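Since we're looking at a predicted model, the values are computed, not measured.
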Amino acid sequence: MPVTFPDDDNPMRKRILTVPNVICWVRLTGAFSLIYFAIADRTMVFVVVFVVLSLSDWVDGLLARWLKQRSDFGARLDSLADSVLYGSLLFGMIWLRWDILRHEAIWWTVGLASYALTTGAGLWKYGRIPSYHTRGAKVTNWLILIGAVSLLLDYST
């Protein structure tokens with residue numbers, strides 16, 4: 001079942017190379033650099049790159065709407081880039097702050113299980129990973145950004 005948009009007559013809908021998609025590709029490839037920065041114990045660089053990549057998610061969505069460059073491919077690419085970004089964040093936070101996170105394992109395990117359950121349900125029902133472009137997902141992304149930065153910069157837990 002393809003993603004549909006109100007402007008289905010938009011010629012950009014089927015395009016792969018658009019400004020928002022390029023930003024998504026940067027986020028997707030940049031997310032892998034987070035793993036390197038975590039292993040190299042470069043916490044401040046990790047935080048700065050994560051914040052920039054997180055903000056790029058907001059920017060690409062705005063540009064897709066403003067430039068009328070929303071596309072089926074872009075929605076899927078955005079979801080993939082977000083998943084890789086948050087997977088890299090989880091790896092980095094465990095690597096850099098395991099001493100704190102191990103005490104909170106029940107909470108982040110519940111969050112991961114919730115994501116896995118909804119993703120599995122989407123795979124089962126639709127045969128593909130669902131795209132999360134809801135207001136709830138957007139609010140959650142901002143909360144994760146604030147929480148991750150706070151934890152990584154040793155603000156009060």
- Message: Given 3.5 Å as the limit, does a donor-acceptor pair link the side chain of Ser150 with the main chain of Tyr155, or not?
- Response: no

- Step by step, would you call Gln69 with Asn21 a side chain to side chain contact (heavy atoms under 4.5 Å, CB included)? CA-CA 9 Å; Gln69 294 184 350; Asn21 289 354; over 6 Å; no

- Task: Can you measure from NZ (Lys138) to CG (Leu143) and round to the nearest 0.5 angstrom?
- Result: 14.0 Å

- Message: Quick check: closest heavy atoms across Gly30 and Val49, and the distance to 0.1 Å?
- Response: O-CG1, 4.4 Å

- Pairwise side-chain contact, Leu85 with Phe50, heavy-atom cut-off 4.5 Å (strictly under): yes

- In terms of hydrophobic clusters joined by side-chain contacts under 4.5 Å, are Val45 and Ile39 together? yes

- Apply the test side chain to side chain contact (heavy atoms under 4.5 Å, CB included) to residues Leu152 and Met44: give CA-CA distance (whole Å), side-chain angles for both, the deciding distance (0.1 Å), then the verdict. CA-CA 8 Å; Leu152 289 165; Met44 187 55 77; over 6 Å; no

- Task: Please tell me if the side chains of Arg102 and Ile94 come closer than 4.5 Å, counting only heavy atoms from C-beta onward.
- Result: no

- Task: Indicate if Phe91 and Ile100 have the same hydrophobic cluster label, given that clusters are the connected sets of ILVMFWY residues with side-chain heavy-atom separations under 4.5 angstrom.
- Result: yes

- Spell out, yes or no, whether Leu62 and Val19 are grouped together once hydrophobic residues are joined by side-chain heavy atoms under 4.5 Å, including indirect joins. yes

- Message: Quick test of your reading: applying side-chain hydrogen bond (donor to acceptor under 3.5 Å, both in side chains), list the pairs with at least one residue in residues 46-63, sequence neighbours left out, ordered by first then second residue.
- Response: Arg27-Ser56, Arg27-Asp57, Arg27-Asp60

- Message: Within this structure, what is the OG-CG distance for the pair Ser71 and Leu77, rounded to the nearest 0.5 Å?
- Response: 8.0 Å

- Query: Could you state the interatomic distance from CH2 (Trp98) to CG (Leu96), rounded to the nearest 0.5 Å?
  - Reply: 13.0 Å

- Query: Considering residues at least two apart in sequence or located in another chain, which fulfil the side chain to side chain donor-acceptor pair (under 3.5 Å) criterion with Thr29?
  - Reply: none

- Message: Within the structure provided, determine whether Leu67 and Thr18 are in side-chain contact (heavy-atom separation under 4.5 Å).
- Response: no

- Item | Any donor-acceptor N/O pair, Ser79 side chain to Arg76 backbone, under 3.5 Å | no

- Query: Nearest 0.5 Å, what's the CG-CG distance between Asn141 and Leu55?
  - Reply: 11.0 Å

- In Å, rounded to the nearest 0.5 Å, how long is the span from CZ of Phe73 to CG of Leu80? 9.0 Å

- Query: When clusters are formed by joining ILVMFWY residues with side-chain heavy atoms under 4.5 Å apart, either directly or through shared neighbours, do Val26 and Leu17 land in the same one?
  - Reply: no

- Verify side chain to side chain contact (heavy atoms under 4.5 Å, CB included) between Leu90 and Leu112, making sure each step is shown before the conclusion. CA-CA 10 Å; Leu90 179 63; Leu112 287 174; 3.6 Å; yes

- Task: Keeping to residues at least two apart or across chains, list the ring-ring contact (aromatic ring centres under 6.0 Å, His included) pairs with something in residues 18-47.
- Result: none

- Looking only at heavy atoms, which two atoms of Gly92 and Ala38 are closest? And how far apart? CA-CB, 3.6 Å

- Message: Other residues, nucleotides and ligands only: do more than 12 of their heavy atoms fall within 6.0 Å of CG on Leu153?
- Response: yes

- Hey, quick one: are Leu117 and Ile106 part of the same hydrophobic cluster, counting side-chain heavy atoms closer than 4.5 Å, chains of contacts allowed? no

- Item | Separation of Glu104 CD from Thr109 OG1 (nearest 0.5 Å) | 11.0 Å

- Item | Enclosure of Arg97 CZ (heavy-atom neighbours >12, cutoff 6.0 Å) | yes

